[in-house]
Amino acid sequence: MPLELLPVTAASTTACCTPASGPVISAEDAERTARTLKALADPVRLRLLSILASHEGGEACACDLTEPVGLAQPTVSHHLKVLAEAGLVTREKRGVWAYFTLVPGVVDALAAHLATHLTPAPPS
C-alpha cells in the first residue's frame, strides 16, 4: 500500500493569534493570588469567614466558632491560622481567648484583582 503525503505549502507570514491587549498577571502575583484562593478553597474556611462576617464588626472569639462548624477547637484554630496567613483575617489575643476579625475590604479587593486579570478584553 503506497504512502500518500500531503503537499508542502509556503509558511504564512501572518500570526495566528492576536497579542494580549490587557493586563496579564505576573508569575509572582499568580503565586500570591493562588495561595489566597487555596486558603478560601475549603468549605470550613468559607463558613468561618461567613460566620465572622455575620458578627458585628466582623469579629468573633475563637470559642464562638467551634460549635457552628461542628469541629474541635484545634481543628478550627488550624483553619483560622491558614486564613490569617493568607491575610484574610487578623488575630488578637485577649487574655486566654483569641479574637479573629475579617480584614475589611479584603474580599472586595481579591474580587477586583481577579476581575482585572480574568475579564476578557473587549473586541477591537
Side-chain angles (χ1 to χ4, degrees):
M1 173 185 252
L3 181 62
E4 200 171 307
L5 300 175
L6 295 173
V8 176
T9 60
S12 173
T13 58
T14 60
C16 69
C17 302
T18 57
S21 61
V24 176
I25 195 167
S26 70
E28 297 82 18
D29 192 10
E31 285 288 331
R32 190 172 38 256
T33 304
R35 277 193 301 274
T36 302
L37 292 173
K38 284 179 186 178
L40 287 172
D42 182 281
V44 172
R45 293 183 202 132
L46 286 173
R47 292 210 52 227
L48 288 168
L49 289 176
S50 176
I51 293 165
L52 286 172
S54 72
H55 278 76
E56 188 175 326
E59 175 186 81
C61 177
C63 64
D64 294 327
L65 300 173
T66 55
E67 185 181 326
V69 294
L71 296 171
Q73 182 274 325
T75 304
V76 172
S77 291
H78 164 73
H79 286 296
L80 290 166
K81 179 182 176 187
V82 171
L83 292 171
E85 288 172 349
L88 297 164
V89 300
T90 59
R91 179 183 184 270
E92 180 185 342
K93 188 87 166 157
R94 298 182 196 162
V96 296
W97 298 110
Y99 284 78
F100 291 85
T101 306
L102 187 61
V103 174
V106 72
V107 174
D108 291 336
L110 178 61
H113 184 69
L114 289 172
T116 298
H117 297 289
L118 301 180
T119 302
S124 48

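Counting from 1, the numbers follow the sequence of the chain as shown.
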What pairs meet the ring pair (Phe, Tyr, Trp, His ring centres under 6.0 Å) rule with one or both residues in residues 68-117, with sequence neighbours excluded?
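Passing the test, one end in residues 68-117: H113-H117.
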
Ring pair (Phe, Tyr, Trp, His ring centres under 6.0 Å) contacts in which one or both residues fall within residues 26-73, not counting sequence neighbours
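Listed once each, the pairs would be none.
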
Can you see which heavy atom on [X] is nearest to which on [Y], and at what distance?
{"X": "A86", "Y": "T36", "answer": "O-OG1, 4.0 Å"}
{"X": "L83", "Y": "A39", "answer": "CD2-O, 4.0 Å"}
{"X": "L80", "Y": "A62", "answer": "CD1-CB, 4.4 Å"}

Under 4.5 Å side-chain heavy-atom separation, chaining through any Ile, Leu, Val, Met, Phe, Trp or Tyr, what else clusters with V24? Say none if it is isolated.
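Once heavy-atom contacts under 4.5 Å are chained together, V24 still belongs with nothing else.
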
Determine which pairs satisfy salt bridge (charged side-chain N to carboxylate O under 4.0 Å, His left out) with at least one residue from residues 36-54, sequence neighbours left out, and list them in order.
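As it turns out, there is no salt bridge (charged side-chain N to carboxylate O under 4.0 Å, His left out) pair with a partner in residues 36-54 once direct neighbours are skipped.
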
How would you list, by chain and number, every residue that makes a side-chain hydrogen bond (donor to acceptor under 3.5 Å, both in side chains) with S54, sequence neighbours excluded?
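Here no residue qualifies.
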
Quick check: is L88 connected to L114 through a chain of hydrophobic side chains (ILVMFWY, heavy atoms under 4.5 Å apart)?
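Linked, L114 and L88 end up in one cluster.
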
Is L46 reachable from V82 through a run of I, L, V, M, F, W or Y residues, each pair having side-chain heavy atoms under 4.5 Å apart?
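In one cluster with V82: L46, no.
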
Partners meeting side-chain contact (heavy atoms from CB on, under 4.5 Å) with T101 (sequence neighbours left out):
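So T101 forms a side-chain contact (heavy atoms from CB on, under 4.5 Å) with E59, T90.
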
Taking only residues two or more places apart in sequence, or in another chain, which ones meet R32 in a salt bridge (charged side-chain N to carboxylate O under 4.0 Å, His left out)?
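By the salt bridge (charged side-chain N to carboxylate O under 4.0 Å, His left out) rule, R32 matches D29.
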
Test item: L65 and V69 side chains (from C-beta on) under 4.5 Å apart, heavy atoms
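No, side chains not in contact.
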
Can you pull the side-chain hydrogen bond (donor to acceptor under 3.5 Å, both in side chains) pairs that have at least one residue in residues 62-75, sequence neighbours excluded?
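side-chain hydrogen bond (donor to acceptor under 3.5 Å, both in side chains) check on residues 62-75 returns Q73-S77.
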
What pairs of donor and acceptor atoms, side-chain ones from residues 102-110 against any protein atom, are under 3.5 angstrom apart with sequence neighbours left out?
none

